[in-house]
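What follows is one structure encoded as structure tokens, with my remarks underneath.
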Amino acid sequence: SGLADLWLPTGWLWMEDWRLKGGKTGSVTEQGWEYAKGWSGAWSPQCTPKTGVRRRLWTRRRVRLSGLTRHLLGGMSENAVRRFSLAEL
């Protein structure tokens, strides 16, 4: 199971591919990782011998389509629909 397996509810459309979201400068590693002793601990870009967990934040923009928009775009591929701007949808 991975990011590609995540689905959207009916009426929503992905507007871009998954990307790593960087934190504040110095808050994550160059690869986007943060480390902590446990899930409820303080997060840091440094991995130490006491590190127990690590995480990365992935984001992907989506848009909610109205009923009319879904009907009009129903025959288009997802890539074709992504070419529209949000204002056009």
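Shown here for Ala42 and Ala36, the closest heavy-atom pair between the two residues is O-CB, 3.4 Å. Closest approach of Thr29 and Pro45 over heavy atoms only: CG2-O, 3.3 Å.
From Thr59, atom OG1 reaches atom CZ of Arg61 across 10.0 Å, with rounding to the nearest 0.5 Å. The line from CH2 of Trp43 to CG of Leu57 is 11.5 Å long, rounded to the nearest 0.5 Å.
Sorted by first then second residue, the side-chain hydrogen bond (donor to acceptor under 3.5 Å, both in side chains) pairs that include residues 32-42, not counting sequence neighbours, are Glu34-Arg55.
Both Leu20 and Trp18 are part of a single hydrophobic cluster, where members link through side-chain heavy atoms under 4.5 Å apart. Taken together through direct or relayed side-chain contacts under 4.5 Å among Ile, Leu, Val, Met, Phe, Trp and Tyr, Trp58 and Leu8 form part of one hydrophobic cluster.
Side-chain contact, Gln46 with Thr48: no donor N or O sits under 3.5 Å from an acceptor N or O.
Although no hydrogens or angles enter the test, the distance criterion places no donor-acceptor pair under 3.5 Å between the side chain of Arg62 and the main chain of Glu16.
With sequence neighbours left out, Glu30 forms a side chain to side chain donor-acceptor pair (under 3.5 Å) with no residue at all. Take Arg54 and apply the salt bridge (charged side-chain N to carboxylate O under 4.0 Å, His left out) test, not counting sequence neighbours, and it matches no residue.
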